[in-house]
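The structure appears below as C-alpha cells.
Just so it is clear: chains get the letters A, B, ... in the order the sequence lines come, proteins before strands, and each one is counted from 1.
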Amino acid sequence: MLDLKYLRENPEEARRAMESKGEAAELDALLEWDEKRRSRLKEVETLKNRRNVVSKEIGAKKAEGINDEEKMEEMRRISSQIKEYDAEIKEINNKILEIQLRIPNIPDPEVPAGDTEEENEIVRYWGTPTQFSFNPRPHWEIGEALNLLDFNRAGKISGSRFVLYSGRGAQMERALINLMLDLHTGEHGYREIFPPFLVNGDSMTGTGQLPKFTEDMFKVEDYDLYLIPTAEVPVTNLHREEILQEEELPLYYTAYSACFRAEAGSHGRDTRGLVRQHQFNKVELVKFVRPEDSPQELEKLVQDAERVLQLLNLPYRVALMCTGDLGFAAAKKYDLEVWLPSSDNYREVSSCSNFRDFQARRAGIRYRPAVPEGSGGGKKTAFVHTLNGSGLAIGRVLAAILENFQQEDGTVIVPEALRPYMPGREGVLSG
RNA sequence: GGAGAGAUGGCCGAGUGGUCGAAGGCGCUCGCCUGCUAAGCGAGUAGGCGGAUACCCCGCCUCGAGGGUUCGAAUCCCUCUCUCUCCGCCA
C-alpha cells in the first residue's frame with residue numbers, strides 16, 4: 001500500500017509506475033474521494049468540537065442544579081448531524097482503502113523497464129548447464145522409476161497437481177528442508193520459525209495476497225482462514241500492528257512451510273512433474289529492516305539463497321525482474337533460476353523481493369527510530385522495510401537434483417552436502 | 001462442547017455517567033546531586049488522522065473490535081474476537 005499523502009502529492013509519478021507494471025487502478029477516483037473526505041472531516045470535527053465544549057458546559061451547570069434544556073436540544077441536533085457525517089466518512093474511508101489496497105508498489109529506479117520476462121536482466125551465471133553423454137530423462141520419469149515420486153497415487157488421493165514422495169524421495173525432501181534451515185540459522189543469522197499454515201484474512205491482506213489475488217488462494221469453507229501460499233504470509237505478519245525498537249532491527253527469520261496455491265489460470269502449463277503443484281514445500285527467508293538498509297539487505301538475501309544452490313552444486317543464474325515481471329507488491333525482485341535439463345532451460349527456484357514499506361504500511365509494522373543524542377524530540381514512528389525470498393523451493397530443487405545428477409544407468413548421485421542428511425547406500429539413489 | 005473470569009498506556013494497575021487520554025507504581029529518556037556505583041531530586045515519556053508549519057502549535061479520534069443508549073461513555077446495553085480457569089473430548 002502506498003502512502004495517501006504521497007499519492008495526493010505525486011499522482012503522476014504513481015500513475016507512471018503503475019503503468020510500467022501493466023496495472024491500472026482508479027487513482028483519479030481515489031483522489032476525488034480523498035478530497036471529499038478531508039472536507040467532510042473538517043466539517044464534522046468542527047461539530048464535534050462544539051459538542052465537546054457544550055457538553056462540558058451542560059455538565060458544569062448540572063453540577064449547580066441547572067438543566068439547560070435549550071443547549072441540550074441544540075446538542076441533540078448536532079449529534080444526529082455528526083452521526084450522519086461519520087457514517088458518510090466511514091463509507092468514503094472504505095472506498096479509499098479499497099482502491100488503495102489494489103494499487104501496486106512502485107518499482108525502484110534501477111529496475112529495468114519491460115513488459116514480459118524476456119526483458120528481465122540476467123545479472124550473473126553460476127556453473128554451466130549440465131552436459132550428458134546420454135539422453136537425460138525428466139525428473140518425473142527418474143522419480144517414478146526409482147520409486148521416489150508417485151504422481152498417480154497422489155492423483156487418486158487428492159487430484160491433479162499433487163505428488164506423493166516415497167522412500168528415499170521423501171527422505172530427500174526432508175533432507176533438503178533441514179539442510180536449508182541449518183544453513184540459514186547456523187551461518188546466515190536467521191531465527192527459525194514454524195508458523196501456522198492457515199492464516200486469517202487480515203494476514204493475507206497485510207502481505208498483499210488479498211484483496212487482488214483471491215482466486216489464487218485456497219480458502220477454508222465457513223472460516224476466515226486461508227491456506228498459506230508461502231511462509232512469507234505468516235512470518236511477515238508476525239509483527240503486524242507492532243512498533244519495533246530500532247535496536248532490534250534488522251530481524252531475520254527463516255521458516256519451513258508447505259505452500260498451497262490454486263494455480264488458477266495456469267491450466268495446461270507444467271502439467272507433468274514437480275514444477276507446478278497445488279502443494280509444495282519451501283524454506284522462506286524474511287527480513288524486517290530499517291528503510292535505509294533495505295537495498296543492501298536485498299543483495300545479502302539473494303546471496304543467502306544462492307548459497308544453497310552452490311552447496312548443492314547446481315548450475316543457476318540470477319535474473320533481475322523487469323517492471324512488467326515484478327509482481328504487485330515488490331519494488332525490486334531477483335529470481336534465482338536453476339538449470340533444469342528437461343526444459344532445456346533455467347527454472348525459478350527462488351524469488352527475492354524488497355517490498356520497501358509497501359507491506360509494512362498494509363500490516364502496520366513500524367519502528368521507533370532512535371533519537372540522536374541531545375536532540376529533544378523527533379522520535380516519530382516510521383514503517384520498516386520488509387524483504388523476503390525463497391531459500392529455496394524444495395520440490396523444484398529436488399527435481400533439479402534428479403535431473404542434473406542422473407547417471408546413464410538410471411541412478412542418481414546425491415550431492416555431497418546433502419549426504420549427512422540422508423545416510424545410506426553411499427550417496428546414490430538406485431531402485 | 002458445557003460452566004465461569006477477564007481484556008485500560010512499554011509493563012503492573014486504579015478508575016461504574018461529566019474537567020479522564022486516563023491516578024499511582026515500575027521501566028525508559030534528559031537534567032540536577034553524589035569522589036565512583038547505588039540511592040535521592042526535578043522534568044518528560046501512546047498511536048493515528050486533519051490543519052498550521054522554519055519552530056512552537058491547534059482540532060478530532062482511539063481504554064480488545066463493532067453497534068446502541070445519552071447533551072455527554074473507559075464507565076450503561078447488545079453482538080463479536082481473543083485470553084485464562086474448571087469439566088468433557090481429542091493428536
Side-chain angles (χ1 to χ4, degrees), chain A residues 1-9 30-97 99-101 194 196-206 220 222-226 234 237-249 251 258 357 360-384:
Chain A
M1 189 160 73
L2 300 175
D3 185 15
L4 204 50
K5 242 180 247 162
Y6 167 83
L7 292 173
R8 196 184 294 148
E9 286 159 16
L30 177 105
L31 294 173
E32 263 170 53
W33 286 118
D34 177 52
E35 190 71 33
K36 190 157 193 175
R37 170 173 164 272
R38 280 184 299 158
S39 88
R40 272 285 177 273
L41 212 49
K42 220 180 277 185
E43 295 173 55
V44 77
E45 285 187 1
T46 308
L47 290 177
K48 283 181 178 174
N49 181 241
R50 173 87 183 140
R51 179 179 67 184
N52 290 344
V53 170
V54 175
S55 286
K56 279 185 187 173
E57 288 172 14
I58 291 171
K61 285 208 176 152
K62 198 145 211 170
E64 299 169 27
I66 306 167
N67 271 339
D68 193 333
E69 284 300 338
E70 203 176 306
K71 285 206 165 135
M72 279 162 70
E73 180 52 37
E74 184 199 347
M75 286 305 99
R76 260 188 281 274
R77 282 201 312 277
I78 288 189
S79 273
S80 75
Q81 181 68 250
I82 288 174
K83 203 172 281 186
E84 256 173 59
Y85 279 177
D86 271 347
E88 192 186 344
I89 288 168
K90 191 177 171 186
E91 212 172 295
I92 294 174
N93 278 339
N94 285 339
K95 287 194 158 78
I96 291 175
L97 189 65
I99 299 173
Q100 214 179 351
L101 286 173
F194 201 117
F197 293 178
L198 291 168
V199 300
N200 58 34
D202 284 343
S203 293
M204 283 298 217
T205 304
V220 180
D222 296 331
Y223 292 84
D224 178 31
L225 288 173
Y226 299 79
N237 279 283
L238 215 150
H239 293 298
R240 173 152 52 87
E241 304 296 338
E242 288 185 17
I243 300 175
L244 305 164
Q245 297 304 314
E246 180 166 8
E247 305 82 77
E248 309 178 56
L249 301 176
L251 289 165
D357 64 4
R361 179 169 284 109
R362 286 174 163 251
I365 310 168
R366 288 166 292 175
Y367 78 108
R368 199 182 306 281
V371 185
E373 288 292 317
S375 76
K379 48 174 174 178
K380 197 147 171 45
T381 58
F383 291 108
V384 301

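To the nearest whole angstrom, the two C1' atoms, one in A73(B) and one in U19(B), are 15 Å apart. G64(B) and C11(B) have their P atoms separated by 13 Å, with the value rounded to a whole Å. Nucleotides C78(B) and U69(B) place their P atoms 15 Å apart, quoted to the nearest Å. Between C55(B) and A7(B), the distance separating the two C1' atoms is 41 Å to the nearest Å. Atom name C1', nucleotides C89(B) and G2(B): the rounded distance is 11 Å, in whole Å. To the nearest whole angstrom, the two C1' atoms, one in G6(B) and one in C63(B), are 15 Å apart. The separation of G44(B) from C71(B), taken at their P atoms, amounts to 38 Å, rounded to a whole angstrom. Between the C1' atoms of U62(B) and U8(B), the separation comes to 12 Å (whole Å).
The nucleotide G6(B) finds its pairing partner in C82(B), both defining distances of the Watson-Crick or G-U wobble pair being shorter than 3.5 Å. Base pairing annotation: U19(B) forms no Watson-Crick or G-U wobble pair, as no partner gives both donor-acceptor distances under 3.5 Å. Using Watson-Crick or G-U wobble geometry with both donor-acceptor distances under 3.5 Å, C57(B) finds its partner in G51(B). Applying the Watson-Crick and G-U wobble criteria (two distances, each under 3.5 Å), C36(B) pairs with nothing in any strand. Using N1 to N3 plus N6-O4 or O6-N4 for Watson-Crick, or N1-O2 and O6-N3 for G-U wobble, each under 3.5 Å, G42(B) pairs with C30(B). Across the strands present, G1(B) finds its partner in C87(B); the criterion is a Watson-Crick or G-U wobble pair with both atom distances under 3.5 angstrom.
Across all strands, Lys48(A) comes closer than 4.0 Å only to sugar-phosphate atoms, never to a base (heavy-atom distances). Asp68(A) comes within contact range of no nucleotide atom at all, as no heavy-atom separation falls under 4.0 Å. Using a 4.0 Å heavy-atom distance criterion, Met72(A) is classed as a base contact.
The pair Arg77(A)-Glu74(A) does not meet the salt-bridge criterion, since no charged nitrogen lies less than 4.0 angstrom from a carboxylate oxygen. No salt bridge links Glu242(A) with Arg366(A); every basic N to acidic carboxylate O contact stays at or beyond 4.0 Å. Remark: Asp86(A) does not engage Lys90(A) in a salt bridge, criterion side-chain N to carboxylate O under 4.0 Å. For Glu246(A) and Arg368(A), the salt-bridge test fails: no basic side-chain N is under 4.0 Å from an acidic carboxylate O. Between Glu64(A) and Lys61(A) there is no salt bridge, since no side-chain nitrogen of the basic residue lies less than 4.0 Å from a carboxylate oxygen of the acidic one. Salt bridge Glu35(A)/Arg38(A): present, at least one basic N to carboxylate O contact under 4.0 Å.
The CD1-P distance, from Ile243(A) to U45(B), rounds to 16 Å in whole Å. Between the P atom of U81(B) and the CG atom of Leu225(A) lies a distance of 13 Å, rounded to the nearest Å. Protein atom CD1 of Ile66(A) is 15 Å distant from nucleotide atom C1' of C71(B), rounded to whole Å. For the pair Ile82(A) CD1 and U70(B) P, the interatomic distance rounds to 15 Å; values are reported in whole Å. Atom-to-atom, CZ of Arg76(A) to P of U69(B) comes out at 13 Å; the value is rounded to the nearest Å. Rounded to whole Å, the distance from CD on Gln245(A) to C1' on A46(B) is 12 Å. When the P atom of U29(B) is taken as reference, atom CD of Glu246(A) falls 15 Å away, rounded to whole Å. Rounding to whole angstrom units, CG of residue Asn93(A) and C1' of C49(B) are separated by 9 Å.
Between Arg50(A) and C71(B) there is no side-chain polar atom (N or O) within less than 4.0 angstrom of OP1 or OP2. The phosphate of G72(B) has neither OP1 nor OP2 within less than 4.0 Å of any side-chain N or O from Asn52(A). Taking side-chain N and O atoms only, Asn49(A) has a distance below 4.0 Å to OP1 or OP2 of C60(B). The phosphate of G72(B) has OP1 or OP2 within less than 4.0 Å of a side-chain N or O from Ser79(A). In this structure, Thr381(A) reaches the G48(B) phosphate: one of its side-chain N or O atoms is under 4.0 Å from OP1 or OP2.
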Each nucleotide N or O in nucleotides 50-57 of chain B that has a protein N or O under 3.5 Å away: list the pair and distance.
residue	atom	partner	partner atom	Å
G50(B)	OP1	Arg8(A)	NH2	3.1
G51(B)	OP1	Arg38(A)	NH1	3.0

Between the protein and nucleotides 63-68 of chain B, which nitrogen or oxygen pairs come in under 3.5 angstrom?
residue	atom	partner	partner atom	Å
G67(B)	OP1	Lys90(A)	NZ	2.6

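Side-chain atoms of Asn237(A) do not come within 3.5 Å of backbone N or O of Arg240(A) as any donor-acceptor pair. Under a 3.5 Å cut-off, the side chain of Ser39(A) and the backbone N or O of Lys36(A) do form a donor-acceptor pair.
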Exercise for the section: Could you check Phe197(A) against Phe194(A) for ring-ring contact (aromatic ring centres under 6.0 Å, His included), going step by step and ending with a plain yes or no? Expected result: CA-CA 9 Å; Phe197(A) 293 178; Phe194(A) 201 117; 5.7 Å; yes
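Checked by atom type, the side-chain pair Thr205(A)/Arg362(A) shows no donor-acceptor distance below 3.5 Å. Side-chain atoms of Ser203(A) and Asn200(A) form a donor-acceptor pair, as typed in the model, at a separation below 3.5 Å. Between the side chains of Tyr367(A) and Gln245(A), no donor N or O sits under 3.5 Å from an acceptor N or O.
The 5' end of RNA chain B is approached more closely, in terms of each residue's nearest nucleotide, by Ala382(A) than by the other of Ala382(A) and Val53(A).
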Fill in the blank from the handout: Nucleotide by nucleotide, nucleotides 15-22 of chain B touches protein heavy atoms under 4.0 Å in the pattern (B base, S sugar-phosphate only, - none) ---BB---
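What you find for Trp33(A) and Lys95(A) is that their closest heavy atoms are CZ2-CD, 3.1 Å.
Between the CD1 atom of Ile82(A) and the CE atom of Met75(A) there is a distance of 8.0 Å, given to the nearest 0.5 Å.
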